[in-house]
There are 2 protein chains.
Amino acid sequence: MAASDTGQDATEATDRKRGVGARMVYDILRDEILDLVLLPGEPVDEAGLAERFAMSRTPVREALVRLAGEGLVTMLPNRSTVVAQIDFPNLYAFFDALTLMYRVTTRLAAEFHEAGDLALVEGRQAAFSKAVLAGDTAGMITCNRDFHVAIAEAGRNSYYTQLFIRLLDEGRRILRMYYYPNFEARLPHPYIVEHEAIIAAIRARDVTLCDSLATEHADKIVRQIQDMIARDRRQHVPL
Amino acid sequence: MAASDTGQDATEATDRKRGVGARMVYDILRDEILDLVLLPGEPVDEAGLAERFAMSRTPVREALVRLAGEGLVTMLPNRSTVVAQIDFPNLYAFFDALTLMYRVTTRLAAEFHEAGDLALVEGRQAAFSKAVLAGDTAGMITCNRDFHVAIAEAGRNSYYTQLFIRLLDEGRRILRMYYYPNFEARLPHPYIVEHEAIIAAIRARDVTLCDSLATEHADKIVRQIQDMIARDRRQHVPL
DNA sequence: ACGAAAAATCTTGTCGACAAACTTAATGCT
DNA sequence: AGCATTAAGTTTGTCGACAAGATTTTTCGT
């Protein structure tokens with residue numbers, strides 16, 4: 001009976017707890033946007049989502065407002081809401097900010113990490129390694145994110161952490177767009193080694209080393225993304 | 001007849017245009033929070049605001065959700081919404097991020113400013129000078145903010161600009177809290193000189209000079225805030 | 001048949017109402 | 001009287017409905 005519905009993810013138990021609706025829609029939509037299930041520019045219909053999640057438009061709208069606040073959707077006044085475009089013309093700004101946040105958060109982690117922080121970081125690193133060895137591309141992207149977020153949180157500066165999270169998630173969208181078609185099994189392994197080096201430098205509280213390791217790490221990732229984009233452009237625009 | 005109402009700012013013309021309600025509440029509440037008209041921890045009642053602005057609770061709620069997304073209010077689930085507290089224990093993180101954004105935005109402005117950008121910056125500087133000479137403390141705070149935001153926009157990195165705006169506005173709250181009681185007419189003038197030096201360095205595209213000037217400027221402001229807090233603490237907590 | 005005006009349709013923004021969860025006041029028990 | 005329990009009163013979260021604005025389709029004139 002419950003298996004009869006046609007793939008919608010509206011909870012079968014229609015009575016949700018109060019105050020969970022908006023958060024649920026927010027989380028799911030966020031994931032779908034970052035995983036490119038919802039493509040940039042795609043319209044997001046409030047009534048459709050309301051029906052899909054079996055709730056009123058009010059909590060759906062609240063979720064959209066929050067997503068708009070984070071720049072993940074664009075609400076056109078009196079017109080539709082659309083998934084935010086990836087700002088390719090300004091990718092340089094993205095790479096610049098991403099690199100700086102890699103550096104700053106790693107430095108601060110070396111300075112301010114406390115007992116227990118490194119255990120969490122190492123847990124994230126273990127998950128990342130597992131995803132790499134399993135060849136799980138999507139898992140690699142999110143585990144890498146979680147690894148660096150754990151480092152940022154050890155640095156205890158929420159301003160940096162929040163911006164970093166936003167940048168890493170935006171990067172998730174970009175990677176999702178290019179990584180699947182050009183998968184190379186050889187690539188990920190260096191990241192594992194670099195992550196281990198970063199952990200060691202943080203533990204040694206070596207700020208200078210953390211800075212240079214993070215800079216290298218960031219530059220490598222930026223170069224990889226740029227290569228993927230360039231390769232993709234060569235494929236699509238032969239000229 | 002219109003003058004009879006008791007100081008409420010609900011528009012007398014009750015028919016607003018569609019789609020303006022939420023934005024209006026958002027702007028006004030934001031200003032009131034940053035100007036400490038609404039004090040940190042103060043509860044924000046949806047029904048009360050709805051009555052005050054002569055509209056339904058729906059647009060009010062949308063404004064509150066957006067403010068919560070920026071961290072200006074805290075929505076306690078199923079309980080009241082309160083104005084966000086100033087995170088005094090982590091002021092160090094605030095100063096660190098503020099200083100870095102001063103540096104980074106000024107550097108990027110030197111690198112990437114285009115024709116017309118400096119005119120806007122100089123306009124903001126003129127407004128700042130005027131506020132200083134008039135002894136208008138509140139105007140100084142906002143004009144200083146606008147000056148540095150114009151520089152950040154000339155740097156053309158919206159990630160930095162957005163974080164910087166958030167930090168400058170959070171600083172506005174802190175300054176509002178301490179600046180009025182300890183006003184000193186002597187203090188502001190050095191800022192005008194420093195601003196002029198920064199403009200010149202940006203125009204000369206001297207990145208290194210911009211970095212050092214911005215660092216000095218930021219350190220001075222940070223020290224000023226710390227002094228004000230320390231002085232205030234001495235007054236209030238005599239030990 | 002082509003283009004412009006008008007009508008129909010769709011989507012959003014706002015509203016008033018209701019019920020759940022929390023807060024406060026009142027009641028009862030030891 | 002003091003504390004736990006219950007009842008009343010707020011305040012929020014969600015709902016269905018309606019109207020303004022935009023989009024699409026239809027109609028009409030040349």
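Order of the sequence lines sets the chain letters (A, B, ...), proteins ahead of strands, with each chain counted from 1. Note that the coordinates shown come from a computational prediction; the quantities given were computed from them, not determined experimentally.
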> How is A/Val20 classified with respect to the nucleic acid when contacts are heavy atoms under 4.0 Å: base, sugar-phosphate, or nothing?
Replying inline: sugar-phosphate
> So what does A/Val60 hit on the nucleic acid, given a heavy-atom distance under 4.0 Å: a base, only sugar-phosphate, or nothing?
Replying inline: nothing
Please enumerate all residues that pass side-chain contact (heavy atoms from CB on, under 4.5 Å) together with [X], with sequence neighbours excluded.
| X | answer |
| --- | --- |
| A/Ser158 | A/Gln162 |
| A/Asp27 | A/Arg23 |
| A/Val222 | A/Phe95, A/Thr99, A/Gln226 |

Integer-rounded Å distance: [N] [atom2] and [X] [atom1]:
| X | N | atom1 | atom2 | answer |
| --- | --- | --- | --- | --- |
| B/Glu62 | D/dT12 | CD | P | 17 Å |
| A/Arg23 | D/dT14 | CZ | P | 12 Å |
| A/Glu46 | C/dC10 | CD | P | 17 Å |
| B/Arg16 | D/dA19 | CZ | P | 17 Å |
| A/Glu51 | C/dT12 | CD | P | 14 Å |
| A/Leu76 | D/dG21 | CG | P | 17 Å |
| B/Met75 | D/dT14 | CE | P | 10 Å |
| B/Leu49 | D/dT11 | CG | P | 12 Å |

Distances under 3.5 Å between nitrogen or oxygen atoms of protein and nucleotides 16-24 of chain C:
| residue | atom | partner | partner atom | Å |
| --- | --- | --- | --- | --- |
| C/dA20 | N3 | A/Arg18 | NH2 | 3.3 |

> Relative to the ring of B/Phe88, is the ring of B/Tyr178 parallel (under 30°), tilted (30 to 60°) or perpendicular (over 60°)?
Replying inline: perpendicular
>> Restricting to ring-ring contact (aromatic ring centres under 6.0 Å, His included), what partner residues turn up for A/Tyr102, sequence neighbours left out?
In response: A/His148, A/Phe164, A/His217
>> Going by salt bridge (charged side-chain N to carboxylate O under 4.0 Å, His left out), name the pairs with one or both residues in residues 62-84 of chain B, residues two or more places apart or in two chains.
In response: A/Arg61-B/Glu62, B/Arg30-B/Glu70
